[in-house]
Amino acid sequence: MLAILPPIIEINHYDAPRVWSSAHTAMQGTRMLEATMRETALLKAGALQNAILTSANFSIIATDEKGIIQLFNVGAERMLGYRAAEVVDKISPSDIHDPHEVMARAEALSLELKTTIAPGFEALAFKASREIEDSYELTYIRKDGSRFPAIVSITALRDDAERIIGYLLIGTDNSVRKLVDSKLNEAMAAADKANRAKTDFLSSMSHELRTPLNAILGFAQLMETGAPAPTLSQKRNLEQILKAGWYLLELINEVLDLALIESGKVTLSREPVSLAEVMLECRAMIEPQALQRGIVMTFPRFELPQFISADRTRLKQVLINLLFNAVKYNRPQGSVAVECAPGLPPGSLRISVRDTGAGLAKEQLAQLFQPFNRIGKETGAEEGTGIGLVVTKRLVELMDGTIGVDSAVGVGSAFWVEMRLASAPMLSFGDAEHAALPQTVRQGSRPLRTVLYVEDNPANLDLVEQLIARRPDLRLLSAPDGRLGVEFARVYQPDLILMDINLPGISGIEAMQILRAEPGTAHIPIIALSANAVPHDVERSLEAGFFSYLTKPIKVERFMEALDMALKSSHKALA
Ligand code: MN
């Protein structure tokens with residue numbers, strides 16, 4: 001190592017300066033240097049320990065094994081207002097804590113340790129608690145009686161033989177964080193309240209507006225088609241009234257929709273939806289309008305059925321919105337191309353809607369997806385609220401998808417959504433054959449009973465059709481939305497209703513409530529059949545009045561059991 005040592009003068013607080021001379025042998029020098037280094041390290045550690053103990057930022061209180069304070073550092077003095085001499089050997093930490101908290105803890109510990117801690121011996125509660133290392137939120141009481149919240153960590157101190165020789169309490173003042181917490185909570189509650197008030201206002205306002213609008217649109221249509229027939233100029237005026245009326249209705253609906261989505265009141269189901277089917281329905285709705293403007297539409301061919309994970313109704317709303325915009329903001333004789341390609345995240349599908357419109361400049365792109373921002377279309381011939389894209393974006397995000405746009409001025413825009421792919425809905429058959437068979441055997445001359453299934457997703461309907469087909473005692477009736485479902489229930493008086501929750505128009509819950517409220521249908525048991533399996537929602541639905549709640553994907557055995565249970569009850573109700 002070191003062959004020659006220069007003279008080193010080591011000065012510290014405790015020892016007198018020592019002089020090392022190069023006359024020492026190298027061996028001796030090395031040994032002495034090592035000793036010095038050890039000493040320095042020890043001193044350094046000692047100095048650190050001292051600094052920790054005298055830190056003013058946290059209180060350090062140590063007690064003996066009986067819980068009597070033995071050490072009370074500067075931080076404790078500062079925080080609690082006592083001088084160390086006033087507490088050391090005199091009191092226990094229990095004496096500077098909120099007595100209620102101490103009692104509560106004594107009781108809790110009595111239970112936990114199965115020993116009783118008598119009143120007056122609360123100090124022991126501390127002792128007992130200190131068998132376990134833990135940190136607590138406690139209230140410290142200063143000498144002047146004032147209180148403050150503290151976070152205190154309590155540790156049992158043990159000797160080499162593992163005997164407890166005392167307890168260590170390290171505490172920090174928690175008042176600032178507590179204050180920030182409560183301010184934050186207050187602010188959040190206020191924001192929440194304001195948000196709810198806004199949403200409630202918008203939704204009640206929308207309902208209020210719709211009522212007079214109904215009269216305007218209704219009577220204008222009556223005049224348009226009534227006798228005597230309106231004159232030519234009257235007809236023109238009526239057309240203006242109707243056009244403005246329908247536009248106003250659209251506006252109100254969009255505002256209501258956005259308000260509901262923003263308030264988190266909209267829950268979307270996530271189930272396999274056949275893209276080919278949805279696309280076909282969208283096409284039937286949009287293509288006639290496109291052709292009127294001389295716009296050609298092309299749609300992808302689906303060689304194999306593609307399923308995406310979505311809420312069927314909302315997915316359709318998203319696609320229609322994009323398709324409708326592509327037609328609306330296109331040039332005459334333009335084109336709209338719908339394309340499907342693998343999306344960026346693996347397992348996703350990108351659906352693009354490409355138009356040949358004016359395209360969007362960079363600044364316009366930045367303002368897209370903002371409510372009431374029609375990015376320069378305000379003065380154009382086309383009416384629109386600018387809410388459509390905002391709603392579309394929120395819906396896509398609620399279905400775990402993404403939305404975006406590529407655009408070039410003078411060329412056109414391509415709006416796209418990326419949605420997760422799903423596998424085709426399948427029955428979890430397993431021992432399904434056994435599950436279905438006994439029913440088939442035991443039914444004999446029993447009358448045929450009717451099951452009404454209210455469902456908007458044909459893939460799900462198909463599954464239930466197959467299941468009911470195995471039951472010769474049952475026949476199936478279906479309705480694609482809540483209103484028709486209610487209507488069918490009134491007319492056909494089914495023995496049992498299966499109800500999807502997320503439906504176009506009124507929800508399954510609303511439909512159920514209508515049916516339960518009417519004497520003609522109140523007796524029919526209604527089973528909820530939903531992709532929403534959140535326990536809280538299931539509970540709420542049962543409380544709302546469903547007979548039982550089944551989640552998708554359907555488990556055959558459970559499905560059949562639930563059917564039999566409900567049918568039995570419906571039988572009793574009739575008897
Ligand atoms: Mn649905």
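All heavy atoms count here, side chains included; hydrogens, waters and symmetry mates do not. Just so you know, ligand 1 is whichever comes first in the structure, and atom 1 is the first atom listed for that ligand.
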Are more than 12 heavy atoms from other residues, nucleotides or ligands located less than 6.0 Å from atom [atom1] of [X]?
{"X": "Arg558", "atom1": "CZ", "value": "no"}
{"X": "Arg354", "atom1": "CZ", "value": "no"}
{"X": "Arg483", "atom1": "CZ", "value": "no"}

Any N/O/S atom, backbone or side chain, of [X] lying under 2.8 Å from the Mn ion (ligand 1)?
{"X": "Asn502", "result": "yes"}
{"X": "Glu271", "result": "no"}
{"X": "Glu455", "result": "no"}

Note to self: Could you tell me if the side chain of Ile527 sits less than 4.5 Å from the side chain of Met499, heavy atoms only?
What the structure shows: no

Item checked: Nearest to the Mn ion (ligand 1) - the N/O/S atom of Asp500, by atom name -> OD2

Check: What's the atom name of the N, O or S in Asp456 nearest to the Mn ion (ligand 1)?
Finding: OD1

Check: side chain to side chain contact (heavy atoms under 4.5 Å, CB included) with Leu268: which of Asp400, Ile261, Leu398?
Finding: Leu398

